[in-house]
Amino acid sequence: MKTSILIILLIANQAFAQITRETELKTSISDVTVFLSGAQITRHGDIKIEPGQSKIIVKSLSPFLDAKSIQVKGKGAFTILSVNRKFNYLKELELGSKTDSITTLIRQLDGQIAKKKSRLEV
């Protein structure tokens, strides 16, 4: 008797539970303003949200982003409940090919500088 009541309560709970959908928002940088101690980056993206609760995820943002400076705006009949910042420590930051080539060039130049400094000391 007790197990049947428990099963009925669990099924009823699942029937009335609201499902939160997760959707990844693809954004592109539309405006950048550089200041002496930071920068302001404006990103835009379009997404269609179904009725109910949804979690919208924006990936590949800077890890140096100030959580207090995040602003989210949208058009339409909806309410933004909260804005959070989370890090995925398990995934390494993906660097672009330009960043990789510049890093390689910096290492090469550092090696050349070290060789020339050692020759001058001798």
Side-chain angles (χ1 to χ4, degrees):
M1 179 71 176
K2 289 183 181 179
T3 57
S4 62
I5 294 173
L6 181 62
I7 293 172
I8 292 171
L9 287 176
L10 288 174
I11 292 172
N13 187 25
Q14 292 297 325
F16 294 109
Q18 187 174 17
I19 299 171
T20 302
R21 291 175 283 289
E22 287 189 5
T23 308
E24 184 176 339
L25 175 61
K26 304 285 184 187
T27 60
S28 59
I29 296 174
S30 61
D31 189 32
V32 176
T33 305
V34 179
F35 301 106
L36 292 175
S37 62
Q40 175 181 331
I41 300 173
T42 305
R43 302 176 74 95
H44 285 100
D46 293 323
I47 191 169
K48 183 179 179 185
I49 302 172
E50 298 296 326
Q53 282 191 345
S54 298
K55 183 183 284 188
I56 300 169
I57 300 169
V58 180
K59 294 185 177 180
S60 301
L61 297 177
S62 172
F64 306 109
L65 184 66
D66 183 9
K68 294 177 257 173
S69 69
I70 299 173
Q71 296 179 8
V72 178
K73 296 179 185 176
K75 295 179 183 175
F78 62 90
T79 302
I80 299 171
L81 298 176
S82 66
V83 178
N84 299 316
R85 178 183 79 159
K86 293 183 183 178
F87 290 111
N88 185 354
Y89 293 104
L90 300 177
K91 184 179 178 185
E92 289 188 30
L93 183 63
E94 296 176 10
L95 301 175
S97 60
K98 286 184 180 181
T99 306
D100 287 338
S101 63
I102 290 172
T103 304
T104 305
L105 181 62
I106 289 171
R107 287 183 186 146
Q108 290 173 351
L109 291 174
D110 284 342
Q112 291 176 5
I113 290 170
K115 283 181 185 178
K116 291 190 182 206
K117 281 185 178 180
S118 62
R119 286 186 182 171
L120 284 174
E121 290 177 2
V122 171

Participant: For L120, check side-chain contact (heavy atoms from CB on, under 4.5 Å) against everything at least two apart and list the hits.
Facilitator: none
Participant: Go through the structure and list residues passing side-chain contact (heavy atoms from CB on, under 4.5 Å) with D46, not counting sequence neighbours.
Facilitator: none
Participant: Supply the members, apart from I106, of the Ile/Leu/Val/Met/Phe/Trp/Tyr cluster built from side-chain contacts under 4.5 Å; use none for a lone residue.
Facilitator: I102
Participant: Do I49 and V72 share a hydrophobic cluster, counting only Ile, Leu, Val, Met, Phe, Trp and Tyr and linking them when any side-chain heavy atoms are less than 4.5 Å apart?
Facilitator: yes
Participant: Could you pull out all residues at least two apart from E121 that satisfy side-chain contact (heavy atoms from CB on, under 4.5 Å)?
Facilitator: none
Participant: Using residues 24-37 as the side-chain source, report each donor-acceptor pair under 3.5 Å to any protein atom, sequence neighbours left out, with the distance given to one decimal.
Facilitator:
| residue | atom | partner | partner atom | Å |
| --- | --- | --- | --- | --- |
| E24 | OE2 | K26 | NZ | 3.3 |
| T27 | OG1 | R43 | NE | 2.8 |
| T27 | OG1 | R43 | NH2 | 3.1 |
| S30 | OG | T42 | O | 3.2 |
| S30 | OG | H44 | ND1 | 2.7 |

Participant: I'd like to know if I41 and I56 are part of one continuous hydrophobic network [Ile/Leu/Val/Met/Phe/Trp/Tyr, side-chain heavy atoms within less than 4.5 Å].
Facilitator: no
Participant: Throw together a table of side-chain donor-acceptor distances under 3.5 angstrom for residues 73-80, partners on residues two or more places apart or in other chains.
Facilitator:
none

Participant: The criterion is side-chain contact (heavy atoms from CB on, under 4.5 Å); which residues satisfy it with E50, sequence neighbours excluded?
Facilitator: R21, K48
Participant: Side-chain heavy atoms under 4.5 angstrom apart, residues restricted to Ile, Leu, Val, Met, Phe, Trp, Tyr: same cluster for L105 and I113?
Facilitator: no
Participant: Taking the side chain from R85 and the backbone from I70, do they hold a donor-acceptor pair closer than 3.5 Å?
Facilitator: no
Participant: Under the side chain to side chain donor-acceptor pair (under 3.5 Å) rule, collect the residues that match up with Q40, sequence neighbours excluded.
Facilitator: none
